[in-house]
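This report concerns only the one structure given below.
The structure displayed is predicted, hence computed values, not measured ones. Counting convention: from 1, in listed order, for ligands and their atoms alike. All residue numbers in this chain count up from 1 along the given sequence.
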Amino acid sequence: MDFEAVIGLEVHAELATQSKMFCACPVVDTTQTAPNSAVCQVCSGMPGTLPVLNQKAVEYGLRVALALDCQIAPFSIFARKNYFYPDLPKGYQISQYEQPLARIGRMTIVTSQGEKVIRIRRVHLEEDTGKLTHVGRNGQAYTLVDLNRAGVPLLEIVTEPDFRSAEEVRAYAEALRAILRYLGVNSGDMQKGVLRIEPNISLRPVVAAGFKPALLGTRVEVKNLNSFRALERAVAYQIQRQAELLEAGKVVQQVTLGWDEAKEVTVVQRVKESEDDYRYFPEPDLPPLAVEAGWVAQIRTSLPELPYARLQRLREQYDLSDYTAKLLVAEKSIADYFEQAVTAEPSVPAKSIANWISGELFGLMNQAGVDAAGLRVRPAALAGLVKLVSQGQINQDTARKVLAEMFASGEGAEEIVKKRGLGQVSDAGAIAQLVKDVLAEYPNEAAAYLSGKAGVANFLFGQVMKKAQGKANPQIVRRELELQLAEIKAD
Ligand code: ADP
Ligand code: ZN
Ligand code: MG
């Protein structure tokens with residue numbers, strides 16, 4: 001029997017607000033800050049304290065919900081999700097349950113199979129928990145609690161079970177990260193845990209081609225994946241394992257799993273709890289959240305052009321390949337850089353600028369570990385370099401060297417070319433002289449060419465370029481070579 005994978009995703013994204021969700025404590029980089037230094041009575045769960053909602057967190061949540069084409073609820077309700085854990089000092093997490101901030105959205109993903117729309121089920125606000133560090137020292141085992149992260153605003157984004165492969169899951173996660181970064185609500189710094197992904201995976205039989213059963217198989221959930229690689233591997237691993245179980249006539253048990261990064265296997269954390277276990281009830285310390293239509297409209301108009309729309313526009317407006325456009329829009333700062341460069345030199349083909357960015361410039365940036373913010377080559381300077389190439393003032397090889405120098409020093413292309421005397425020689429008279437010298441130096445090769453050995457032309461061409469230290473305009477060299485060889489023949 002054939003099985004198809006059915007996958008739904010829950011993503012937790014920390015919102016990069018200045019202060020926490022329900023108190024005035026700052027949101028800090030927990031990897032860089034002394035433990036428990038950004039904590040107050042509210043976020044440490046002291047009795048008698050009251051939460052106050054952070055408006056910026058709601059705004060950020062709305063930005064994401066609108067970017068995902070969701071319907072915004074005019075009223076939403078905060079709820080208590082009750083459970084005990086040492087990283088949760090109140091004994092409950094304030095979340096949203098029956099009435100989330102937003103529902104029913106969509107996102108288009110692009111994979112090797114083409115485009116596909118993934119339905120978004122819900123987007124809701126909640127608060128993050130603290131962080132536990134398990135220590136084993138001197139034969140003792142204990143756990144340290146850091147509450148700096150407790151109460152940091154979190155947005156949970158849940159999809160319908162619309163994915164059918166690990167590739168689709170990865171494409172969605174990457175696209176969602178890009179959207180969050182475009183919106184400026186999350187750094188996308190996955191090693192720091194600001195974006196955690198939880199795939200739910202099941203298999204179901206494919207009954208016949210074209211016929212899709214409506215029922216879903218039993219799913220497992222993998223918790224807290226914080227890299228695309230781990231996500232893709234964990235999903236692929238589960239699809240494989242469940243297929244083996246089902247083919248052997250066994251059943252899948254509904255469990256919550258973790259991912260063992262080193263062994264590349266999933267491990268059971270707990271048998272799936274049900275929603276009843278949390279005893280959700282409306283948070284009595286917060287009123288319903290009313291979101292005014294005017295505010296929503298204002299946020300909607302303030303949204304930047306999003307990656308997918310920009311991909312399509314760049315592709316069409318500048319006649320870029322899918323591949324190049326995708327590379328450029330992955331980071332908003334790079335897409336901006338490209339368009340600034342194009343604006344700076346409208347006479348230069350945008351396609352050439354795009355190719356120089358996605359090829360040579362990306363190569364230099366990767367090598368040096370520099371991102372767009374740290375880049376010393378200004379957009380106009382890059383456009384200036386590409387202009388010199390397209391005008392034939394320098395050739396590709398020279399341009400590469402010049403760019404490397406621009407990258408290191410921040411100098412402009414023209415300055416470097418002048419200073420180093422790298423300008424391409426297009427002066428036909430000078431080139432004619434070089435060709436003449438080479439033909440005089442290699443009479444045998446010239447004769448061989450004239451007797452029909454066409455391949456020798458490349459050798460002669462190489463010699464001329466060598467004499468010109470690579471700076472001669474290659475088209476003129478070839479033309480001049482042909483001309484002078486024809487003259488010798490006529491003699
Ligand atoms: P929770 O996991 O918190 O109980 P849900 O039941 O709403 O929440 O499901 C969470 C995610 O699991 C959603 O993305 C949903 O699409 C997905 N999901 C639900 N059932 C299945 C299934 N049988 N197979 C794969 N994914 C599923
Ligand atoms: Zn606090
Ligand atoms: Mg879940």
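Proximity of Val158 to ligand 1, defined as any heavy-atom pair under 4.0 Å, is confined to the side chain (atoms from C-beta onward). With a 4.0 Å cut-off on non-hydrogen atoms, Thr218 does not touch ligand 1 at all. Heavy atoms of Glu221 found under 4.0 angstrom from ligand 1 belong exclusively to the side chain.
Geometrically, Arg170 does not engage Phe228 in a cation-pi contact, judged by NZ or CZ lying under 6.0 Å from the ring centre and within 45° of the ring axis. Geometrically, Lys90 engages Tyr92 in a cation-pi contact, judged by NZ or CZ lying under 6.0 Å from the ring centre and within 45° of the ring axis.
On a distance-only criterion, Ile7 and ligand 1 share no N/O pair closer than 3.5 Å.
The pair Lys332-Asp336 meets the salt-bridge criterion, with a side-chain N (NZ, NE, NH1 or NH2) lying under 4.0 Å from an Asp/Glu carboxylate O. Using a 4.0 Å cut-off between a side-chain N of Lys or Arg and a carboxylate O of Asp or Glu, Lys351 and Asp319 qualify as a salt bridge. The pair Arg80-Asp285 meets the salt-bridge criterion, since a charged nitrogen lies less than 4.0 angstrom from a carboxylate oxygen.
Interatomic distance, CG of Leu183 versus CG of Leu62, reported as 11.5 Å (0.5 Å rounding).
For atom 1 (P) of ligand 1, the candidate residues are Gln254, Arg219, Glu198; the nearest heavy-atom contact is made by Arg219. Comparing Ile120, Asp162, Ile157, Asn200 against atom 12 (O) of ligand 1, the shortest heavy-atom distance belongs to Asn200.
Residue-ligand proximity: Arg122 is placed with every non-hydrogen atom at 4.0 Å or more from ligand 1.
Remark: side-chain polar atoms of Lys20 are paired, donor with acceptor, to backbone N or O of Ala150 under 3.5 angstrom.
For ligand 1, the atoms lying closer than 4.0 Å to a non-hydrogen atom of Glu160 are 16 (O). Short contacts between ligand 1 and Gly217, defined as distances under 4.0 Å to a heavy atom of the residue, involve ligand atoms 23 (N). The atoms of ligand 1 that sit less than 4.0 Å from any heavy atom of Leu9 are 14 (O). Within ligand 1, counting atoms from 1 as listed, the ones closer than 4.0 Å to a heavy atom of Glu10 are 2 (O), 3 (O), 10 (C), 11 (C). The contact set between ligand 1 and Thr159, taken as ligand atoms under 4.0 Å from a residue heavy atom, comprises 13 (C), 14 (O), 15 (C), 16 (O).
The side chain to side chain contact (heavy atoms under 4.5 Å, CB included) with Glu126 is formed by just one residue from the set His12, Gln96, Met21, Lys81; it is His12.
Note: Tyr318 and Phe338 have perpendicular aromatic rings, judged against thresholds of 30 and 60 degrees for the angle between ring planes.
Rounding to 10°, one obtains 110° for the angle at the Zn ion (ligand 2) between SG (Cys23) and SG (Cys43).
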